[in-house]
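What follows is a set of notes on a single structure, which appears directly below.
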Amino acid sequence: MASPQIGFDNQRAYSSLMRGLQELDLRGNATPGSLHLIGDHAFPLAMNAQGQVLMAASLFGRGRMVVLGHESYLTALPALVENALTWLRGDGSENPLVGIHQSCKPVADNLGETIFHGQLVEGFLQDLGVGVYVVDAYSMAPDVKSLVEFLKAGGGLLIAGQAWSWAGQHPKQDVLKAFPGNQVSSVAGIYFSEHHSEGGCLSVFPPIPRCWNPDPINFADDLAFLLEGVSGFRLKKECSEIQVHGHLAFPIFPFLAGAYYGRGRVLCVTHEGLFEQQELVPLWHNALRWLDQGRKGVVGVHPSMTDLPSLYGPSGLSCRNTDFTDDLSVFVSTAYCDEKAEEMQDFVMEGGGLLIGGHAWYWCYCYPELNLPTDFTGNRILSKMGLNVLGSTVPKEFYEAPDPDEAFIDQYHFQHMVSRFSRHLLSGEPLTAKEEGFLARLRRDCASYLLMEANESASYTQVVSDLTAIVKKAGIPQVSLNCLVSSEKDRLLLTIGTELYRCLDPDMLLPYLIKDIPSMPIVRHHQLNVNANTAGEEEWISTGVYLTPGMKTYISLPAQIVNKGWKVQIGCQTDALDHLKELRRAPCVHKTFRITTPIMQVWNLWGGLLYLVAPPDTQVGGLKVTVERAVLAPYFMSGVTTIAEWAVLRTSPAPWAELEFDNVIFTIPSSAIRDLERPDKVAALWDDIMKSVADLAVVSHKFPRKERFVADVQISHGFMHAGYPIMMLSSMVPELIDWEGARTRGLWGFIHELGHNQQRGCWEFRPNTTECTCNLWSVYVHEEVLGINREQAHPALQSKSRASRPEDYVKGGKDLDNWNTWTALETYLQLQEAFGWAAFKKVFAAYHDMSDVPRDNEGKMNLYTKTFSMAVEHNLCAFFKAWGWPIEAPTEEELSKLPTWTNHPMVLYG
């Protein structure tokens with residue numbers, strides 16, 4: 001494994017290389033070439049006014065490399081060369097012997113006054129005994145393999161030259177691949193480009209140069225090679241989107257991209273099933289030849305893909321199933337196998353080809369708490385190569401192959417768009433219409449890219465530097481209920497600011513992000529006892545304190561919950577709003593931290609109430625938790641907080657309050673409870689409601705996890721939606737806590753969402769009953785607890801409206817596509833009015849003990865018919881058939897012994 005030196009610090013290395021230098025005088029007749037930098041440890045040493053990199057350094061394996069953008073710099077900058085030789089021989093080495101290729105003889109002449117001894121050679125030999133080798137970029141071809149091994153083993157290489165004149169003399173050659181210098185420098189992530197640059201007199205500053213502006217690379221020849229004979233095809237698989245972020249990476253389709261990495265190449269497709277799609281076989285034949293780079297070597301195919309060797313045989317290359325070995329020319333694998341991730345990276349870096357396929361959308365579904373860029377197996381291989389597989393998917397549609405000559409202009413590339421948007425905001429450069437259309441994609445990609453947290457990578461820190469400059473220049477929109485954000489530019493700024501705050505120094509960025517942070521009195525060393533008894537789902541545990549925007553605090557936690565799946569969460573408004581066109585708050589305003597140490601510092605840009613989150617199947621009691629500093633929030637708990645205590649607590653300064661009752665918790669604006677004198681009355685009402693919800697569902701009166709209602713200025717859909725928590729608009733809060741008005745006005749919407757949380761797939765017929773059966777709880781609670789009959793509970797249940805639905809449905813041909821919401825509810829209400837609520841309770845109870853329930857609606861409808869018939873001891877087949885249900889002969893046969901319900905309501909409609 002050619003891993004870099006542990007603990008290596010780019011800034012420290014830069015300081016050593018530039019020691020004693022105030023400027024680099026690059027004026028004169030020499031026209032330098034610009035350098036491309038990729039890889040985690042390649043960093044610039046000198047950058048001109050146009051942002052082009054003229055000198056760089058990097059690592060490979062145990063060795064070090066310095067690259068100068070013109071061979072004349074070896075003699076024009078003797079102090080820099082001496083610094084470079086000192087750094088290149090490595091920490092602790094005192095070997096004074098420097099091997100110097102004869103083309104660089106003037107370097108040897110300049111070493112007389114230094115501690116180094118130069119040895120002129122005609123070519124590199126492993127037994128020279130040198131610690132550093134100096135060579136120009138044109139004389140390396142015979143020694144490529146030896147030089148790579150020398151570098152890998154710990155040697156130092158000083159390379160100087162430019163490729164622009166070579167490119168002019170070799171117009172049909174690929175500079176990245178064929179230029180002699182690149183065959184060695186590329187393994188360390190430094191490439192000579194075909195672009196020439198301006199020199200000038202460059203000042204040397206203490207920090208590593210930032211804001212470099214790489215020259216664009218046209219991958220038209222690569223695209224033409226890969227797409228030969230491919231006009232387009234229809235995508236049939238659920239493919240992930242692919243993020244192209246590396247400077248030497250290029251998009252092909254939204255689900256296919258390639259990249260140069262070191263001396264090798266990689267292609268990634270975001271579903272492994274596409275390897276076998278017949279229309280794409282010509283593409284894969286081209287891909288294997290492109291990855292093989294003319295070696296005509298062996299293509300190894302992962303053993304799990306047994307059909308591919310025969311399918312790919314016509315490519316002209318030898319293909320066979322095998323585990324990964326480094327003597328292959330190309331390896332074909334899925335994105336789910338990363339046991340040898342580092343070996344594969346080295347394999348490509350040193351010249352191998354990698355064809356890799358796999359999606360990440362299902363992984364994201366299975367592991368929502370993990371970090372996709374760093375934890376997904378495929379991304380652990382691909383991120384360093386400039387590609388990331390995303391959790392989002394691309395449409396299944398026909399894709400026309402891009403025109404290689406136009407793709408360079410038309411296709412989206414993440415780093416290029418960051419650079420363009422930066423110049424647009426900082427320098428006023430206008431965006432093209434095409435670039436304006438890319439802003440939404442850039443917004444999503446910024447959030448994903450910053451999650452890489454690759455702070456040791458010069459490319460990553462360059463992007464972070466650009467984004468930070470944007471935020472400092474433009475700030476972010478101060479989004480609120482009265483200040484809507486809708487333009488893509490503002491949405492992008494909001495995302496950039498939020499995500500940067502997460503991964504950079506919060507104190508430095510906060511003044512640029514939030515302008516008016518309220519000053520509130522602080523409580524210190526707030527202590528609480530933690531008890532948790534969770535079943536199959538995680539549970540939020542309230543702390544009763546709040547953090548203001550950007551406020552940092554330490555939390556002391558008991559050892560019993562460290563590294564046990566527990567989390568700290570700041571903020572209860574967990575709805576993601578990124579899909580909405582207009583924003584009244586930032587798309588994500590909560591933040592979670594995994595509990596990995598007994599003392600943690602936590603904070604959130606947007607502030608919020610502080611919670612502990614207990615994992616499923618956890619039982620703990622009496623654990624002590626201390627919050628160092630926070631703001632006290634109004635917090636009422638039934639059976640604990642007295643009315644006298646509440647009179648004081650409701651004045652607590654935090655803007656969010658919580659009311660916790662036996663089976664439900666409300667998180668609402670503090671302004672709504674300042675005048676609430678009797679929370680115990682609200683508790684009594686809602687305790688009765690929750691018991692009633694449990695009664696109809698035939699479950700324990702003590703819920704395994706208390707339901708939560710959380711208010712927000714904006715939610716992901718509708719004015720209220722189910723889940724944990726149930727989300728609602730803040731404007732609805734007065735109804736929620738009006739314990740007197742509820743018995744006359746009703747609480748339909750709130751109970752509707754509680755009903756959603758009681759729905760079970762075994763007796764649901766989605767999508768028909770999604771917005772139907774939840775209303776059984778609304779009707780039941782209104783009649784049994786609130787004393788409001790169904791006709792007054794909701795306008796849709798008035799007699800005239802109800803009577804028209806079955807009639808219209810029958811006239812429409814009993815089409816089940818039209819059997820939904822209120823029409824479907826009528827079916828259930830007819831059953832209830834004939835057999836009472838007790839029948840439903842028997843049915844729901846019966847389902848608690850069932851297993852092997854059918855998955856399809858037809859099977860589930862037949863099972864429901866049998867279950868309800870057994871519960872009421874009547875054959876209901878005729879009734880359900882009258883509603884158009886697909887009742888099967890075996891169901892009718894099984895129920896034939898029961899008395900038939902002949903006078904059911906649907907008889908009226910024929």
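Side-chain atoms are counted along with the backbone in the values below, which use heavy atoms only and exclude waters and symmetry mates.
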- List for me each residue that meets ring-ring contact (aromatic ring centres under 6.0 Å, His included) alongside Phe324, sequence neighbours excluded, and say none if there are none. Phe331, Phe347

Contact between [X] and [Y] at the side-chain level, heavy atoms closer than 4.5 Å - yes or no?
X      : Y      : result
His413 : Ile217 : no
Arg263 : Val144 : yes
Leu248 : Tyr261 : no
Val244 : Leu387 : yes
Arg19  : Glu82  : no
Tyr460 : Leu450 : yes
Gln411 : Phe438 : no
Ser448 : Leu372 : no

- Item | Aromatic ring pairing Phe253/Phe255, orientation class (parallel under 30°, perpendicular over 60°, tilted between) |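 Ring orientation, 0 to 90° scale: parallel.
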
- Query: Once the angle between the rings of Phe250 and Trp290 is folded into 0 to 90°, is it parallel (under 30°), tilted (30 to 60°) or perpendicular (over 60°)?
  - Reply: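 Plane angle over 60°, so perpendicular.
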
Gap separating the [atom1] atom of [X] from the [atom2] atom of [Y], nearest 0.5 angstrom:
X      : Y      : atom1 : atom2 : value
Thr114 : Leu85  : OG1   : CG    : 7.5 Å
Leu68  : Leu77  : CG    : CG    : 7.5 Å
Met47  : Leu54  : CE    : CG    : 9.5 Å
Ser15  : Ile208 : OG    : CD1   : 7.5 Å
Met417 : Ser419 : CE    : OG    : 9.5 Å
Gln243 : Asp445 : CD    : CG    : 4.0 Å

- Query: Can you find a side-chain donor-acceptor pair between Ser146 and Asp143 that sits under 3.5 Å?
  - Reply: no

Is there a donor-acceptor contact under 3.5 Å from the side chain of [X] to the main chain of [Y]?
X      : Y      : value
Trp164 : Thr31  : yes
Tyr73  : Pro78  : no
Arg295 : Ser329 : yes
Asn371 : Leu451 : yes
Asn48  : Glu198 : yes
Tyr14  : Asp9   : no

- Between Lys384 and Glu342, is the closest basic N to carboxylate O distance under 4.0 Å? no

- Message: One thing to verify: whether Arg64 and Asp91 come together as a salt bridge, which I'm taking to mean a side-chain N less than 4.0 angstrom from a carboxylate O.
- Response: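 A salt bridge links Asp91 with Arg64.
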
- Message: Which residues pass the side-chain hydrogen bond (donor to acceptor under 3.5 Å, both in side chains) test with Glu272, not counting sequence neighbours?
- Response: Tyr336

- Task: With sequence neighbours left out, write down each residue that passes side-chain hydrogen bond (donor to acceptor under 3.5 Å, both in side chains) with His36, or none if nothing qualifies.
- Result: His247

- Message: Centroid separation under 6.0 Å, is that true for the rings of Phe414 and Tyr449?
- Response: yes

